Amino acid sequence: MIVRAYATATSCPQGASLGFVLDRGAPVVVTDATDDRVVFEGIASAPRWELDIPADWRSSLYRARFGPEVPWPRTLPGNAPCPDNEVYFVVRQAVPSSPVLLSVPFTTWQAYNRAGEPGQSIYWTESATRAARVTFDRPGGGPSPERWEEGLTRWLRRTGYDVAWCSNLDLHDGLDLLSQHRMLIVNGHDEYWSMGMRDAVEEFVRRGGNVAFFSGNTCWWQIRFEDGGRTMVCYRDAVSDPMAASAGTASDGAAVDPRLTTVEWSAAPVNRPENTLTGVSFRAGAGAWGPYMPRMLEESYSTRFAAHWVFEGTGLTDGDKFGQGCLGYETDAAEFTEVAGVPRVTGRDGTPSSFVVLATADLRHWNSYGQGGMATMGVFTSGLGTVFTAATVNWGNGMDDPVVDRITRNVIDRLSSADGRHWDVIGPTSDLLALAVLGRTLYAVSADGMLLARELCGQNLPWQPVGPADGVRGLAVPREAANGVPLGLYGVTPEGRLLRLEESRWREAGPAPESAIGLAVADCTFWAATSSGELWRQVFGTGTWEPAGSSGGAVALGGMNGRLFALDSDGRLSTRLPPAPFEGGTAEEGTAEGGAAEGGADEEAGIVGVGTGWEPHADVVPGSTCTAHSGLFIAAGRGVPLRWRPI
């Protein structure tokens, strides 16, 4: 007879003890489930046995086997559950120190435990005899027979990444735990999330933490915990769940809160699509189930943004296939449209507008196998943090693929790093001379004399022609209309013209300094940089340009939040507050004929706007032109990609 055993918790810290409940005594062997290393052998007593966890055990996933090994083949879900004599548990770091935290999906394992047995499991989904409550106080709550999580966990051990482990139940009130790490990894099939789990992870990201979802069908069902976390509730039905009542007290005495109704996260009355957490959803995803599951081994991703940092070192180009076999058996997706052959999310499904589509797979033919849909790999920002999603359950079991391996390394290396500022490619290589942003549109002047436009976003959208650039060399946009100067896109030419774009045509807006090569707006003032190194200004409504000192060697000029930025020919970025008008006279009296006023000692004497005033601001900018907008620098040039980075 097989020993029946379970642990009294899904995790415990180093140096603590973990209780086990057994129906009879038996020999016990404890191994590290990531590399099969034996860490303990002994005799376990019944009905209760305590395992003292040494302080030097590494944080990991462990397996305690009571009695002899029981054959456990890889099969379809529910066909061969985790043997009743095997108990999985996590040892957490007593003092969190690793940059990466990996969560183990014990809730999904428990949801499938004894699948198909009436009243014993949350499965099968459409069965009227499925359970609404399942307990962790029973044997068999280990990994599913497909071992969706195993590939990545073993890879992490082999590659030597510094990773701390936790049970996903530890995330339920886990913001303090998460805050001790830079990055969270969600792995495999993590389908069941409580509101506490989701709130903690989303707040972690908003505060600057990063998440990698090497998973699929993620956060699909909302669950609740009862009995101190030992009972998992999931009715899958708002009619049955007493928490869905509009007011009052549920039949079990709990206060009614419809937000906690155990339905799909996107369904009423919860109405909280998982896209805001993961960027994607199984609603648009695909699944191949039952005897059709092997179909997943035929599928691959198609690269849609090969220049993105996620693909660095893979050698992929747009349109290339990769990751055959890693897609399935369930995938997640974001709704998107094609813009000149490039995917761009719509946001209608709850996916953040910052989501960048990296790769896609068309799996609509899976309608014959379970659920037809798509798979959408991508990355987005939320608050101060970044979220990556592989959008597939089986990602971790594709680690033998060199491309899958490299993508995983790129994601972990970037999101676990203490350096959060990078120049990221957001568009194709072009020859550009000037940049500016109006609303959500990024404008550029090309080297061949065209005005171009595209949405300002992280997606690799192509430039669309607007019309001739009419000799414009610098671009700028006022923050708002003031003193008779309307909001719009403005440009300067080296021939001394200030222009404004009206209905795709340039109109004269007045003169500009001769040899102007850069334009900015700050403090309701136009600022122009010339090829001779001068800075000039025109206060809105005056119509008069006056010298304002040195341009800081600018070949491109930008303005944001009342501050000026100058990019020089060596790619160095400088900044300053706008120089004030000359003291002791009007702007006209301070105007110098033919150039800027001379600098030097006058600035030390308190006459502002005479010296350079520029201070270094950033490392080398990857390009010869840039603009500043909404806390971002956007850079381009001749023969380089379009890039951005936070200021």
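Just so it is clear, the model here is predicted, and its values are computed rather than measured.
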Please tabulate, for side-chain N and O atoms in residues 386-397, each donor-acceptor pair with protein atoms closer than 3.5 Å (sequence neighbours left out).
unit_1, atom_1, unit_2, atom_2, d
Thr389, OG1, Ala391, N, 3.1
Thr392, OG1, Cys326, O, 2.6
Thr392, OG1, Gly328, N, 2.9
Thr392, OG1, Gly328, O, 3.3
Thr392, OG1, Asn394, N, 3.4
Asn394, OD1, Asn397, ND2, 2.9
Asn394, ND2, Gly325, O, 2.9
Trp395, NE1, Thr408, OG1, 3.0
Asn397, OD1, Gly151, N, 3.0
Asn397, ND2, Arg147, O, 3.3

Return a table of donor-acceptor pairs under 3.5 angstrom between the side chains of residues 638-647 and protein atoms on other chains or two or more places apart.
none

Side-chain donor-acceptor distances from residues 275-286 under 3.5 Å, at least two apart:
unit_1, atom_1, unit_2, atom_2, d
Asn275, OD1, Arg283, NH2, 2.4
Asn275, ND2, Asp349, OD2, 3.4
Asn275, ND2, Thr351, OG1, 3.0
Thr276, OG1, Arg198, NH2, 2.6
Thr276, OG1, Glu202, OE2, 3.4
Thr276, OG1, Pro273, O, 3.3
Thr278, OG1, Glu274, O, 3.3
Thr278, OG1, Val280, N, 3.2
Thr278, OG1, Val280, O, 2.7
Ser281, OG, Glu274, OE2, 2.5
Ser281, OG, Arg283, N, 2.9
Ser281, OG, Arg283, NE, 3.0
Arg283, NH2, Asp349, O, 3.2

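Atom CZ of Phe225 has more than 12 neighbouring heavy atoms from other residues, nucleotides or ligands inside a 6.0 Å radius. Under a cut-off of 6.0 angstrom, the local environment of CG in Asn410 is crowded, with over 12 non-hydrogen atoms contributed by other residues, nucleotides or ligands. The neighbour count for Arg364 CZ, taken as heavy atoms of other residues, nucleotides or ligands under 6.0 Å away, does not exceed 12.
Look at Asp36 and Arg63 and you find no salt bridge, because none of the NZ, NE, NH1 or NH2 atoms lies under 4.0 Å from a carboxylate O. Contact check on Arg272 versus Asp199 returns a salt bridge, with a Lys/Arg side-chain nitrogen under 4.0 Å from an Asp/Glu carboxylate oxygen. The pair Glu126-Arg236 fails the salt-bridge criterion, with no side-chain N (NZ, NE, NH1 or NH2) lying under 4.0 Å from an Asp/Glu carboxylate O. Asp419 and Arg414 are not joined by a salt bridge, as no carboxylate oxygen comes within less than 4.0 angstrom of a charged side-chain nitrogen. For the pair Glu338 and Arg304, the salt-bridge criterion is met [side-chain N within less than 4.0 Å of a carboxylate O].
Between Phe89 and Phe106, the distance from one ring center to the other does not fall under 6.0 angstrom. Taking the centre of each ring, Tyr161 and Trp155 come in below the 6.0 Å mark. Separation of the His181 and Phe204 ring centroids does not fall under the 6.0 Å cut-off.
Here Leu452 contributes atom CG and Trp463 contributes atom CH2; the two are 6.5 Å apart, rounded to the nearest 0.5 Å. With rounding to the nearest 0.5 Å, the separation of NE2 in His172 from CE in Met195 is 8.5 Å. Distance check: Phe355 CZ to Ser382 OG gives 13.0 Å after rounding to the nearest 0.5 Å.
With hydrogens and angles disregarded, a donor-acceptor distance shorter than 3.5 Å links the side chain of Thr303 to the backbone of Asp320. Although no hydrogens or angles enter the test, the distance criterion places a donor-acceptor pair under 3.5 Å between the side chain of Thr153 and the main chain of Glu150. Distance alone, capped at 3.5 Å, places no donor-acceptor pair between the His629 side chain and the Ile634 backbone. In terms of modelled atom types and a separation under 3.5 Å, the side chain of Ser194 and the main chain of Met197 share a donor-acceptor contact. Looking only at distances, a side-chain donor or acceptor of Ser179 sits under 3.5 Å from a matching main-chain atom of Leu175. Side chain of Ser300 to backbone of Lys321: no donor-acceptor contact under 3.5 angstrom is found. Of the possible donor and acceptor atoms, one in the side chain of Thr376 sits under 3.5 Å from a partner among the backbone N and O of Ala334.
Residue pairs meeting the side chain to side chain donor-acceptor pair (under 3.5 Å) criterion with at least one member in residues 204-215, sequence neighbours excluded: Glu203-Arg206, Glu203-Arg207, Ser215-Thr218. Legend: salt bridge (charged side-chain N to carboxylate O under 4.0 Å, His left out) pairs involving residues 455-464, not counting sequence neighbours, sorted by first then second residue: Arg344-Glu455, Arg440-Glu455.
His189 pairs in a ring pair (Phe, Tyr, Trp, His ring centres under 6.0 Å) with only one of the listed residues (Trp109, Phe214, Tyr112), which is Tyr112.
Shown here are the side-chain hydrogen bond (donor to acceptor under 3.5 Å, both in side chains) partners of Thr346, two or more places apart in sequence or in another chain: Glu335.
Trp221 approaches Cys234 most closely through the heavy-atom pair CB-SG, 4.1 Å. Here the shortest heavy-atom pairing between Arg409 and Asp405 reads NE-OD1, 2.6 Å. Taking all atoms of both residues into account, the shortest heavy-atom contact from Asn187 to Glu149 is ND2-O, 3.0 Å.
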Discussion item. Before you tell me yes or no, could you show the steps for Asp190 and Asn168 under side chain to side chain donor-acceptor pair (under 3.5 Å), namely the whole-Å CA-CA distance, both residues' side-chain angles and the distance that decides it to 0.1 Å?
Written reply: CA-CA 9 Å; Asp190 201 344; Asn168 65 345; 3.2 Å; yes
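Inter-residue side-chain proximity for Val100 and Asp162 is flagged as unmet; no heavy-atom pair is nearer than 4.5 Å. Using a 4.5 Å heavy-atom threshold, the side chains of Arg58 and Thr34 count as touching. In this structure, the side chains of Arg74 and Glu146 stay at 4.5 Å or more apart for every pair of heavy atoms.
Side-chain contact check for Glu330 and Trp220: no donor-acceptor pair (N or O, by modelled atom type) lies under 3.5 Å. With 3.5 Å as the limit, one finds no donor-acceptor pair spanning the side chains of Ser11 and Ser167.
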